[in-house]
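Read the structure below first, then the notes.
Numbers for residues simply follow the sequence, beginning at 1. Whatever order the structure lists ligands and atoms in, that order sets their numbers, starting from 1. Just so you know, these numbers come straight off a predicted model, no measurement behind them.
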Amino acid sequence: MNNVSKIEAQKAVLTLPNGQTHELPVLQGSTGPDVLDIRKLYAETGYFTYDPGYTSTASCESGLTFIDGEQGVLSHRGYAIEELAEKSTYLEVCYLLLYGELPTQAQFDEFDGHITNHSLVHEQLLYFYRGFRRDAHPMSIMVGVVGALSAFYHDSLDIDDPVQRRLAAYRLIAKLPTLAAMAYKYSLGHPFVYPKNEMSYAENFLNMTFSLPTEPYEVNPVLARAMDRILILHADHEQNASTSTVRLAGSSRANPFACVASGIASLWGPAHGGANEAVLTMLNQIGTADRIPEFIARAKDKDDPFRLMGFGHRVYKNYDPRAQVMRETCHEVLEELGITQEPLLDLAMQLERIALEDPYFVDRKLFPNVDFYSGIILKAMGFPTSMFTVLFAMSRTAGWIAQWKEMIQEPTQKIGRPRQLYIGPTERSYVPMDKR
Ligand code: CMC
């Protein structure tokens, strides 16, 4: 693997308020900014560092994904996301994330066989679905059923056994589409559709989601390719909120199914994976182009909590390379489906143009992110908005489990335990209730 392990480059010198100095090693990765190693800071000086939101903190070493937010670069194991989206498949990217290299044909066939053969879920899991209301948000179902996998697959819970870890990874990648399609079918009151081994990963998911036992269903190859590309674009994204959640949960040695369920919970929020759903809700709320200025003004008003959903990113301050591919895929899908006049897409394009010219957005480097376009494609493909984040969870499962595996294999791995800047009352005596 073309993986350069970290090297100590120089030392930085920190002057403390008491005048003492403390040397901090400066570590250099294979690319990206150098980091100040503060691991011994508290033990040697009695100071913590303060970084809410972790905007300046590297929480781990990782060889999976590299992002340069200033340049709009995203790569997995050194391969640019644009190239992977064009030339690879989601399952090949899963292999790359898990094992560090692109597979040979024989390695891919073996991996594909494992994933295909693990796509069925235990029949008993069906009762979990039946316990939910039909109008339950599918993400609430996913949080529950993915966590529940740990109750079914006892032979893949020993995190110290590499064979069991691999089995857990296969199971999660294989079963997520089945569980996601079941969440959709349950909301409609339709029968669940079982996976079909002769289909590709994306075809199988579309078939389980949209086919009915009563009539023939042919998977449209353009839509299957678009689905696969959407999965590739969301497969991993470095140490974002949900991945950090998975790592933190896993750092206590919790089992991988429970860890991935925690990632799904974190992804659900509208500032993260829930944004693609929120984009559609926002476009519907705006309704017509003449109302765009009103919403732009609201997004700029600091007294109004409204934000332009699908704009801005913690890391990308130039453009989101995934958004570019997603924009092209969006047009391909709309053309294939004969949607020449999609009012929401027109609205989205006008909003994009106006926002990109507005100094508020230009000065803050707020560009459309991947979620801005994915919602429109998914809507055109027939997914209800409530399923958008479920699809994100399905694809991100590869990244979550690969990052979890990387962490578990790290010999110096420790439980994650941030500290705090305490601002509450100092010690005081308990006051009995009748004296308060
Ligand atoms: N609309 C209006 N103003 C915004 C927006 C927005 N979407 N995003 C950021 N800003 C402003 C923000 O108010 C702040 O202004 P000021 O400097 O005057 O106080 C400035 O831009 C910097 O924003 P921030 O909140 O400090 O940036 P952040 O890195 O903490 O937040 C974000 C990143 C993605 C949470 C945020 O841009 C946002 O809420 N975007 C909308 C939600 C969204 O689309 N999320 C999907 C992210 S991509 C998929 C994923 O990774 O899950």
Validation row, ring centre Y95 to ring centre F111 under 6.0 Å: yes
Describe, in one word, how the ring planes of F205 and F383 are oriented to each other, choosing from parallel (under 30°), tilted (30 to 60°) and perpendicular (over 60°). parallel
Tell me every residue that passes side-chain contact (heavy atoms from CB on, under 4.5 Å) with E70, counting only those two or more places apart in sequence or in another chain. D68, K317, K365
Look at the rings of F257 and Y153 and say which category their plane angle falls in: under 30° parallel, 30 to 60° tilted, over 60° perpendicular. tilted
Can you sort out the partners of R364 under salt bridge (charged side-chain N to carboxylate O under 4.0 Å, His left out), two or more places apart, ordered by chain and number? none
Taking salt bridge (charged side-chain N to carboxylate O under 4.0 Å, His left out) as the test, write out the residues that go with D37, two or more places apart. R39
Distances under 3.5 Å, N/O of ligand 1 against N/O of the protein: list each pair and its distance.
| residue | atom | partner | partner atom | Å |
| --- | --- | --- | --- | --- |
| ligand 1 | 1 (N) | L308 | N | 3.1 |
| ligand 1 | 3 (N) | Y360 | OH | 3.0 |
| ligand 1 | 7 (N) | L308 | O | 2.7 |
| ligand 1 | 7 (N) | F311 | O | 3.0 |
| ligand 1 | 13 (O) | K302 | NZ | 3.0 |
| ligand 1 | 13 (O) | R307 | NH2 | 3.3 |
| ligand 1 | 15 (O) | K302 | NZ | 3.1 |
| ligand 1 | 15 (O) | R364 | NE | 3.2 |
| ligand 1 | 18 (O) | K302 | NZ | 3.1 |
| ligand 1 | 18 (O) | R364 | NE | 3.0 |
| ligand 1 | 18 (O) | R364 | NH2 | 3.0 |
| ligand 1 | 25 (O) | R307 | NH1 | 3.2 |
| ligand 1 | 25 (O) | R307 | NH2 | 2.8 |
| ligand 1 | 29 (O) | R314 | NE | 2.7 |
| ligand 1 | 30 (O) | R314 | NH2 | 3.0 |
| ligand 1 | 39 (O) | R307 | NH1 | 2.9 |
| ligand 1 | 40 (N) | F311 | O | 2.9 |
| ligand 1 | 44 (O) | G310 | N | 2.8 |
| ligand 1 | 44 (O) | N369 | ND2 | 3.0 |
| ligand 1 | 45 (N) | A271 | O | 3.3 |
| ligand 1 | 52 (O) | H272 | O | 3.2 |
| ligand 1 | 52 (O) | H272 | ND1 | 2.5 |

